[in-house]
There are 4 protein chains.
Amino acid sequence: MERTPIAVLGASGYSGVEATRILAQHPRAELRVVSSDRWQGDTVEKRAGIRGVAGRLRYAPPERAAELARECAAALLCTPVDASLQFAPALLAAGLKVVDLSGAFRLADPAAFRAAYGLEHPHAGLLREAVYGLPETGGRAAIAKARLIANPGCYPTAAALALAPLLRAGLLAPDSVIVDAASGTTGAGRKATEDMSFSEVMDDFRAYRVLRHQHTPEIAQTFARAAGRDVPLTFTPHLLPLRRGILATCYARLAAGKTSAEVAAAFSHNYADEPFVELAASADEVSLKSVVGTNRCQIGFAAGGAEPGRIVVIGSIDNLVKGAAGQAVQNLNLALGWPETSGLDTLRGFNP
Amino acid sequence: MERTPIAVLGASGYSGVEATRILAQHPRAELRVVSSDRWQGDTVEKRAGIRGVAGRLRYAPPERAAELARECAAALLCTPVDASLQFAPALLAAGLKVVDLSGAFRLADPAAFRAAYGLEHPHAGLLREAVYGLPETGGRAAIAKARLIANPGCYPTAAALALAPLLRAGLLAPDSVIVDAASGTTGAGRKATEDMSFSEVMDDFRAYRVLRHQHTPEIAQTFARAAGRDVPLTFTPHLLPLRRGILATCYARLAAGKTSAEVAAAFSHNYADEPFVELAASADEVSLKSVVGTNRCQIGFAAGGAEPGRIVVIGSIDNLVKGAAGQAVQNLNLALGWPETSGLDTLRGFNP
Amino acid sequence: MERTPIAVLGASGYSGVEATRILAQHPRAELRVVSSDRWQGDTVEKRAGIRGVAGRLRYAPPERAAELARECAAALLCTPVDASLQFAPALLAAGLKVVDLSGAFRLADPAAFRAAYGLEHPHAGLLREAVYGLPETGGRAAIAKARLIANPGCYPTAAALALAPLLRAGLLAPDSVIVDAASGTTGAGRKATEDMSFSEVMDDFRAYRVLRHQHTPEIAQTFARAAGRDVPLTFTPHLLPLRRGILATCYARLAAGKTSAEVAAAFSHNYADEPFVELAASADEVSLKSVVGTNRCQIGFAAGGAEPGRIVVIGSIDNLVKGAAGQAVQNLNLALGWPETSGLDTLRGFNP
Amino acid sequence: MERTPIAVLGASGYSGVEATRILAQHPRAELRVVSSDRWQGDTVEKRAGIRGVAGRLRYAPPERAAELARECAAALLCTPVDASLQFAPALLAAGLKVVDLSGAFRLADPAAFRAAYGLEHPHAGLLREAVYGLPETGGRAAIAKARLIANPGCYPTAAALALAPLLRAGLLAPDSVIVDAASGTTGAGRKATEDMSFSEVMDDFRAYRVLRHQHTPEIAQTFARAAGRDVPLTFTPHLLPLRRGILATCYARLAAGKTSAEVAAAFSHNYADEPFVELAASADEVSLKSVVGTNRCQIGFAAGGAEPGRIVVIGSIDNLVKGAAGQAVQNLNLALGWPETSGLDTLRGFNP
């Protein structure tokens, strides 16, 4: 089968390396262009440890890569917001499908974008056109037709997969939703800071950006779309002394008259046929090690504690796979008309 | 100064070793008796790495140790519930002060004890007499006069220090309290199980006993005492891939008309003079590494996010020190009329 | 293409799970039989997190699995020595190719087997027939024709790949070889012991079985075959606080008149075309993270320090892949006439 | 008892913080001056988590601190080589005893200093005068009389304690000594580099600066002094994914006619009365967790493997305590005529 040429811009970040690895073994894709300032001229084999055809590809500097990418059918932008804002319009104009992993096109409301990123969105039309790429919460048809897909953030992916089915079914009381989540260090990207040094992070655990994390409006937007109304939200991220994985422990109350059986039914209804969601038998069974290395999300819940109506839903993902590069390839698959699981169903877990 | 003889029963568990280390350097105490089945006959130097007089002490088997302990002024029971229930009455009868680190005397309501431990409490009179030993939440005078002190559990200590001042001041809305906490592995004690093996725990993070952890009624009891009413409570513990430390991220809503300034004032009022509580400038600054190795609790809070009235209070402790052996020595100090910080203010942190 | 049925006995150990994962995605193999006492009746999806056809397979108890395996073309024995000794003869008699991951058939000298395992080898004929399966050190043709392949141990694989080319070329002085190695905890298998508990292993590093590790005679045998003479050997294994990976730091002196250029040439000559060996530019570049998750071995060396003639060769592997299940599949590929890299060239690294 | 004022310059590095903690609880010392550029103006309580009198001290900028230190009896220089070279002469001229933790005064041979640090030593007289401060290997009397003490490096401390007694007793064959060592990340100091970031170091293990580490000449100097002759040396450091601790696995051959009983005797003879050396029953018992947090070194050895005359000596220390700040205080104690264990015998281990 003829393979379709794909570009990965920003290929030296952790998400970019992961996207490179996945596409290098994708049965339909040909990794044609990879960009990186820091690694320009080096081979993919040297930097990402990939052998074979893809391994012989060399990193191009960003501007040059954006030029070369015009021959591709699609591009994954694993770049920061400003670079995504710079490169997306030209790639779209050249006819490529674009999956952007930054926050540049995630927040549909220009005011929300301005508040989060401190600048007026320079491409309001593209912002309107962009489709939020979380297939399991709806919108598969729109993703398949989209030119520009905003790939969700890692925390928002975990939170939305855990709660969207319940919000959509009207099972949760207003004003009751809390997302308490913890992430591995790769969520912060490559960092040369003392704060993220091994000596400071090892054996520690702490919350950060409490009540002011930049992913909060994105989570709120997903929740609002699912619920059909605003969903006030409290979100607390924590930093774990491990490299990969997000566990989101979500708290809510059932709406009046709703039951935990309806919660179970809503999860089954939404996720029974989803290839990348695994419903766990209980909240206790959800773990990072079940999902790290894969594009899967594991979800479990508990109800019936001391507080009537309280439910606890726990979801886990690999922040670099389902929370970034894997989900981007899933969206790419949809956008190019390929089987949704292409290149993703062979990802092995790392347990142990 | 003459030193006072003290016994540590159950000295080979992680809490028992920590109690042994602290008492070996306590300026008023003489570690006179240590008990352990598994280490009987060995020296404290060999097993706990302590030099000097205390290091030459040898572990006695439990029954023999209980006998020898009759010459002591006080005993720390670092034993499981059943052993504490067995040894406490005789030691009390022999005139010792007893600080029990198990759950045997923590739940004042015999029905709550029965529900949690599956047996009728065999010493109802002692249960009534026992004083709950969390000095910072009140009751210092009672602790000082107590014969039998129930040393709080590790999660309950972290949760109570974080929220009791706010509950006491009536600042929190009913039905709004969630305690989401994560602990290092020593909280589970010495374990020879596959579940707690390095290969299974490393690089993982998960919740356990969701909505059914045995510490839940103890936390609820402390909250109820502070609030003067029942406080419905949701508690979710998680297992961290590190050895020591508990971080409790607590969620609540302010009661009608209350403000975050009143929260700050309540913390200052309660804790300004507490030697073992450190008020952090923000929730983000609370970490395990600030407290591990010490008898301190660090507390910070955040308010003013997207949800009006929402507050997030984060507390951290070392589960083996302020969550077990350190707090037991603090209670011992009070019970024997010693300065409350004796032997505890010299504990160094491990950062890094 | 028709797939060939393969059995994995002992599929619930860490090596067995890894073999199951690799074979589930092997383009030529059909995973037909998996055995496990502890998991019998459960699906491979539930226990090993594998979806698709292989995921629906159920673990059979060992005796039953050995029966079912008779319909397979080959079996991987991920079993302990005694079980391998029990099952191998019947499977061979039924016409299967057998790759045994235990130590049952590795030591060609019956006296060495007796010394290492404390029993007379019960199948001396099979022991004579068994072929040691380390393709990169020679013997590919023999492996391809073998009925019974003894898959090398993890430490011996790392040590042999690091030093065999130099011993074969006569570059090393007699009596100068030291192998100092460190392994992740999965090398010890699933363990429910206090010694291997997270609280004991985390943040620690130590040597174990110094000068008496059971892999020593296997390493010595490989070295002797390469050198054509006995090679006195000192081997010290250490336990690392991580799950996967072995780093072997090997010390030797150059034989009289030999140079480090000849060392570099010997490595190039032996390994330039090896798909699973990566020659690093220096000893400093060899790391666990470059190989963990893959079937690769990374090798680098240094010479020219303060001591004339001293060389340090460092090799790294994933103990569960190139050190166990991956190498077993590599041997299976050779034995069944498949491309040597089938099912192995798509294994992704975990960096980070 | 009147306390003696002491200064710590460079108090914000990991060794400086550790020195600050130890001196804050030292029964004879009064921590009077602490210097730090980055923390200037902050209290010791805020930055080092120390309460009480020492906690209220504020960090002064280096030049100002050097001025203030003139009122102290002694100074610990936890500064880099260039700062130590700058500050030591003036402090000595002002009459202070100086313990320097950098490499500025460790290499007695000016040529060795030039080779290691790339500059001519600016204070040749002081270099001649400086006393190497490793009390357990001899020289206690000289340390007690010294004005300027060069505090040993972390790797050299571990290596020298493991092998010096055997070299002094003439038990080791020439040209047979290898030091293979592994260190926690704090040995590299506070680092804001990608290489030392958590995501890169976690779950990895590798050697670095193989055959060219800057500690090699210092180790060689100590060995030569013990042996009374040059001792050719191979040294390979590795980086462990943990924060504190060095394990040195040392290889040598016995000299002709020497026995392992003489090795045991040499260790007993040298170390039986040493307060900070613990002789382990075997090489397997030496671990990081036995010593981390303390000023102790643990030493064990093995002999009698497959190679006649081979011995393996393993030593462990906490790189920040016996490998830096603890040893500096030990030297300070000697220099000021205090009991050698003052302030050090109360350091608790962190196990677990």
Side-chain angles (χ1 to χ4, degrees), chain B residues 10 12-18 21 36-39 42 47-49 78 154 182-206 208 237-246 288-289 292-293 318-321 323-325 349-352, chain C residues 10 12-18 21 36-39 42 47-49 78 154 182-206 208 237-246 288-289 292-293 318-321 323-325 349-352:
Chain B
S12 51
Y14 290 138
S15 296
V17 169
E18 196 74 7
R21 282 186 190 134
S36 166
D37 258 328
R38 61 196 332 240
W39 292 348
D42 289 344
R47 291 298 186 174
C78 304
C154 49
S183 173
T185 57
T186 53
R190 288 192 194 275
K191 279 283 170 65
T193 65
E194 187 185 318
D195 269 8
M196 295 301 288
S197 72
F198 185 88
S199 294
E200 296 297 321
V201 172
M202 185 62 167
D203 292 327
D204 196 19
F205 183 61
R206 61 181 177 85
Y208 62 101
H238 297 74
L239 184 69
L240 284 165
L242 51 84
R243 295 183 297 168
R244 282 170 178 244
I246 285 180
L288 296 188
K289 67 184 174 189
V292 166
D318 183 324
N319 57 297
L320 293 181
V321 188
F350 304 171
N351 174 16
Chain C
S12 51
Y14 290 139
S15 296
V17 169
E18 197 73 7
R21 283 187 188 131
S36 166
D37 258 328
R38 62 196 331 240
W39 292 348
D42 288 344
R47 291 299 186 173
C78 305
C154 51
S183 173
T185 56
T186 54
R190 287 191 195 276
K191 279 281 170 65
T193 64
E194 188 185 320
D195 269 7
M196 294 301 287
S197 71
F198 184 89
S199 295
E200 295 298 321
V201 172
M202 185 62 168
D203 292 327
D204 196 19
F205 183 61
R206 61 182 178 84
Y208 62 100
H238 297 74
L239 184 69
L240 284 164
L242 50 83
R243 294 182 298 168
R244 282 173 179 243
I246 285 180
L288 297 188
K289 68 184 174 189
V292 166
D318 184 324
N319 57 297
L320 293 181
V321 188
F350 304 171
N351 174 13

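Computed over heavy atoms, backbone and side chain alike; hydrogens, waters and symmetry mates excluded. Every chain is numbered from 1 and lettered A, B, ... according to where its sequence line falls, protein lines coming before strand lines.
Contacts of B:M196 with chain C are made by backbone atoms alone, with heavy-atom separations under 4.5 Å and no side-chain atom involved.
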Check chain C against chain B and list any donor-acceptor pairs under 3.5 Å.
residue	atom	partner	partner atom	Å
C:Y14	OH	B:E200	OE2	2.7
C:R38	NH1	B:E194	OE1	3.4
C:R38	NH2	B:E194	OE1	2.5
C:T185	OG1	B:S199	OG	2.8
C:R190	NH1	B:E194	OE2	3.0
C:R190	NH1	B:E200	OE2	3.3
C:E194	OE1	B:R38	NH1	3.4
C:E194	OE1	B:R38	NH2	2.5
C:E194	OE2	B:R190	NH1	2.9
C:M196	O	B:F198	N	2.9
C:F198	N	B:M196	O	2.9
C:S199	OG	B:T185	OG1	2.8
C:E200	OE2	B:Y14	OH	2.6
C:E200	OE2	B:R190	NH1	3.3
C:D203	OD2	B:R243	NE	3.4
C:D203	OD2	B:R243	NH2	3.4
C:R243	NE	B:D203	OD2	3.4
C:R243	NH2	B:D203	OD2	3.4

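Contact count against chain C (heavy-atom pairs under 4.5 Å) is highest for B:A192 among B:P241, B:A188, B:A192.
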